[in-house]
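Taking it in order: structure first as structure tokens, then the write-up.
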There are 2 protein chains.
Amino acid sequence: MKLSTKGRYGLKAMLDLAIHHSEGQISLKSIAERQDISENYLEQLFAILRKSGIVKSIRGSQGGYVLAQGPDSITVGSILRALEGSLAPVDCVMETEPAQCNRAEGCVTKLIWKKIRDSVNDVVDSITLEDLITEYKKANNKDDYMYYI
Amino acid sequence: MKLSTKGRYGLKAMLDLAIHHSEGQISLKSIAERQDISENYLEQLFAILRKSGIVKSIRGSQGGYVLAQGPDSITVGSILRALEGSLAPVDCVMETEPAQCNRAEGCVTKLIWKKIRDSVNDVVDSITLEDLITEYKKANNKDDYMYYI
DNA sequence: GAAAAGCCGAGTAATATACTTGGGATTGGG
DNA sequence: CCCAATCCCAAGTATATTACTCGGCTTTTC
């Protein structure tokens, strides 16, 4: 039941991007340095995020990434699901195209997997990047951030 | 964020065992056949469950396993955590000996991981094997069960 | 005493993860 | 106009994990 580095790194990087939202596009290189993540690996994560419509890219020198919407419109859930796929604990209860199971009729454990899925989704869908920025400012109690996330 | 077969098979097997609770000890062979799980693999899972005090074994011919407590006292959470380890989505928020992180101070994403952990635990700790048996009887609407779980 | 069960440790094939590598395309600044 | 910075993309790879299998021992009933 662990999240992979995709979700963990991806969310950290997205929060970093959100914190720098007002500065225009931000290069992956700078995010990678601040968050101590492989830049090449981050590229792969941002390719997914871009295709999901969560970030926009600006190519060329001085290019980078920007949030596609305001931080208050981007939920943690949309980021995690983009990167990790469904957060369902078992494939048979994935939101889209659930895996077929020959014993699905009268399957009792499925009820549990659905409850877990829904409760995880409820948590992550209720938190936006804006919320995290607020928490971040509170925790670090300063205006020039330490960039530690 | 997927559960492994340990958790999935283990819970199915435990529910099977609970359904046959009144019949005394049940052999892994019969559970393996009904649930279509490798018997050798089930052995490993039940070794864990036994060491966790969730089931008791009876050795020798005609031996098998029995629930260590009544189905109403065994939660899905205790079974899943025994088999899967902590259900925390990230090691830094495991209930016991959380992984140390050099950026733990002011870490914002950690708040999310804790919320996910707690909500998953709340779900699985609120469901007992007894609850599942009840659901099972309701879904299958008969007294001699199909044993499909 | 033989068969049926649990117990145990080691081995292994397949899969997934977490990257790295090497290049190509685009664009701003000198 | 070139070049460095940056995004873009596909493929390769080392490591770890998963999901088992295998072989043999121990205990107990019939």
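Note on naming: letters A, B, ... go to the chains in the order of the sequence lines (proteins, then strands), and numbering restarts at 1 for each one.
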Legend entry - Atom NZ of B:K114 with >12 non-hydrogen neighbours under 6.0 angstrom: no

Between [N] atom [atom2] and [X] atom [atom1], what is the distance in whole Å?
| X | N | atom1 | atom2 | answer |
| --- | --- | --- | --- | --- |
| A:L45 | D:dC7 | CG | C1' | 14 Å |
| A:M1 | C:dT17 | CE | C1' | 18 Å |
| B:L17 | C:dG6 | CG | P | 11 Å |
| B:L42 | D:dT18 | CG | P | 18 Å |
| B:L3 | D:dT17 | CG | P | 17 Å |
| B:D36 | D:dA19 | CG | C1' | 14 Å |
| B:K2 | D:dA19 | NZ | P | 13 Å |
| B:L28 | D:dT21 | CG | P | 14 Å |

Inset, instruction - For A:F46, answer base if it contacts any base atom (sugar-phosphate contacts may also be present), sugar-phosphate if it contacts only those atoms, and nothing otherwise; contact means non-hydrogen atoms under 4.0 Å. - result: nothing

Inset, instruction - Taking atom types as modelled, find out whether B:S27 and B:Y65 have a side-chain donor-acceptor pair closer than 3.5 angstrom. - result: no

So, the side chain of [X] versus the backbone of [Y]: is there a donor-acceptor pair under 3.5 Å, distance only?
| X | Y | result |
| --- | --- | --- |
| B:S73 | B:Q69 | no |
| A:S4 | A:K6 | yes |
| A:R117 | A:M94 | no |

Inset, instruction - Between D:dT6, D:dC8, C:dA18, spot the one nearest the side chain of A:Y65, thanks. - result: D:dC8

Inset, instruction - Would you check, one step at a time, whether the test side-chain contact (heavy atoms from CB on, under 4.5 Å) holds for A:V76 with A:T128? - result: CA-CA 6 Å; A:V76 170; A:T128 66; over 6 Å; no

Just N and O in the side chain of [X]: are any of them under 4.0 Å from OP1 or OP2 of [N]?
| X | N | answer |
| --- | --- | --- |
| A:R50 | D:dC8 | yes |
| B:S57 | C:dA5 | no |
| A:S4 | C:dA16 | no |

Inset, instruction - With sequence neighbours excluded, tell me which residues meet side-chain hydrogen bond (donor to acceptor under 3.5 Å, both in side chains) with A:D122. - result: none

Inset, instruction - Classify every nucleotide of nucleotides 20-30 of chain C by which part a protein heavy atom approaches to under 4.0 Å, writing B for the base, S for the sugar-phosphate alone and - for neither, in 5'-to-3' order. - result: BB--BBBBS--

